[in-house]
Number of protein chains: 2
Amino acid sequence: MNSSPSINAGAVAEHPAAMVPTLQARKQQLVRDAIWDAATGLFAEKGFDETTVDDIAQRAGVSRRSFFRYFSSKSDLMAQGIVNYGTDLTGAIDAFPRTHSLSEVFRGTVLQIAQQSAAHPRTRKIMEIAAKYPAARAAQLSRMAEVQDQVAEAFARRLRKGSEDDLTPSILAGLTISVLAVTFRSWFDQGQPDISAIADQIFATLGRLICDERQPDKQRS
Amino acid sequence: MNSSPSINAGAVAEHPAAMVPTLQARKQQLVRDAIWDAATGLFAEKGFDETTVDDIAQRAGVSRRSFFRYFSSKSDLMAQGIVNYGTDLTGAIDAFPRTHSLSEVFRGTVLQIAQQSAAHPRTRKIMEIAAKYPAARAAQLSRMAEVQDQVAEAFARRLRKGSEDDLTPSILAGLTISVLAVTFRSWFDQGQPDISAIADQIFATLGRLICDERQPDKQRS
DNA sequence: CTCTCCATGGCACCGAGTGCCAACGCAAAC
DNA sequence: GTTTGCGTTGGCACTCGGTGCCATGGAGAG
């Protein structure tokens, strides 16, 4: 779900010399991970609503006050994966060579992010919790708007046309998020390890649904 | 955004004889509307986070405790439109004659719900608040999962095949939600009154994006 | 050794949300 | 008219989420 093995904090590089994330930053990351592990563990054991912030802080070995220094809320913990996944998405879109068409970027990005996220153990842990507890699911969803907007902007960056109110980027963003969501869900529900195969199948279904109506010779489905 | 001119409460019909919603039920509906108006008014004036439940209750003329009897939370107020909009969607899908293909149902449903929602003044009011305050937007989003699941089930009902793990309904549900979201956003941002035209334009763009890659003779975009 | 910076912890405070109980209104039954 | 019963309401107390403020403590620079 996130590009780095640990949860990304805010800014990392302060001194341009020290690209190795400052001892200080790594200590913070350690605490951050400890809180994350404690929280997800408790969520899985006791449930999302039943787990209080005090529980998490106690298991992580920090004070309640410090918890809020690392995560702005309990929901933020669950949503963190989502926002990282947003930066991954925009990164992947931006990284595509300009020779590719928008549709190709769309397909390629979905494939890449799906594989990348499926490789992270945290992804499965988050999905387990989200599947069990609606409140946790809601916490993630509530941040999806930002991600979708970011993705739309990334697509818009490839569309240097002067057309201001072109809806193409927004549509592509919605498509990207939706297809990825279905992909993850299917990958999680049935234990199939090959997430690319699932994504391909979804692309095929999508094409069948949208395009079969457009051939004037073949009227009905 | 909702099929009835007033916000739907839970169950309405108790006695099969009295289809006119029981004097009691209508009184409840009155209070419910009063709270809703007070809340949205305050949200627009003071902001979503800045408005406390006490403020809403006081303006609506009920006690703080009663507020929570009608709406389970402040977020629930904003999300209420979304869930009604979910029942409208499933209703529209189910009402389609079985002679139509899934794609036709998809397009028809989006068109119908878009027009229907655009006709309601509440829709615009909700969108104004959601556009201004991210927290309100998040409150709506957090319930979108339920709606999407309901829509997926409605599509699945038309697919009486024994194929259990067919992803078609989920994909269609995601498509429906995404396209509607873009439609509403565009309709709201630019003041264009004809929402059907916007939806048609989006369908066209969608077809262009997905289908143009499938012709093997026309390689590049 | 001292001064400073920063992370941490503790405390007080406010708002959200819930359980519980008493009071009120209302309609049917006596 | 009075009584009985039911549903709605309001007030109270409590827990938990989240924030601002300040004191402490440790590590590094002078």
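In the text below, chain A, chain B and the rest are named by the order of the sequence lines, each starting its count at 1.
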Problem - Phosphate contact (dT8(D) OP1 or OP2) by Tyr70(B) side-chain N/O below 4.0 Å - result: no
Six-ring centre of [Y], [X] cation under 6.0 angstrom, axis tolerance 45°:
X	Y	value
Lys74(B)	Phe48(B)	yes
Arg32(A)	Phe71(A)	yes
Arg107(B)	Phe203(B)	yes

Could you tell me how far apart [X] ([atom1]) and [N] ([atom2]) are, to the nearest whole angstrom?
X	N	atom1	atom2	answer
Leu30(A)	dA7(C)	CG	C1'	14 Å
Lys27(B)	dT9(D)	NZ	C1'	11 Å
Asp55(A)	dC16(D)	CG	P	8 Å
Arg26(B)	dT8(D)	CZ	C1'	18 Å
Ile35(A)	dT8(C)	CD1	C1'	11 Å

Handout entry: Worked check of side chain to side chain contact (heavy atoms under 4.5 Å, CB included) between Val179(B) and Ile171(A)
Key = CA-CA 7 Å; Val179(B) 169; Ile171(A) 298 170; 5.8 Å; no
Exercise for the section: Can you check each nucleotide of nucleotides 11-23 of chain C against protein heavy atoms at under 4.0 Å and return B for base, S for sugar-phosphate only, - for none, in 5' to 3' order? Expected result: B----BBBBB---
Show me the donor-acceptor pairs within less than 3.5 Å that the side chains of residues 194-201 of chain B make with the rest of the protein, sequence neighbours left out.
| unit_1 | atom_1 | unit_2 | atom_2 | d |
| --- | --- | --- | --- | --- |
| Asp194(B) | OD1 | Ser196(B) | N | 3.2 |
| Ser196(B) | OG | Gln115(B) | NE2 | 2.9 |

Practice task
Compute whether any side-chain donor of one residue and acceptor of the other, for Ser117(A) and Thr123(A), lie under 3.5 angstrom apart.
Solution key: no
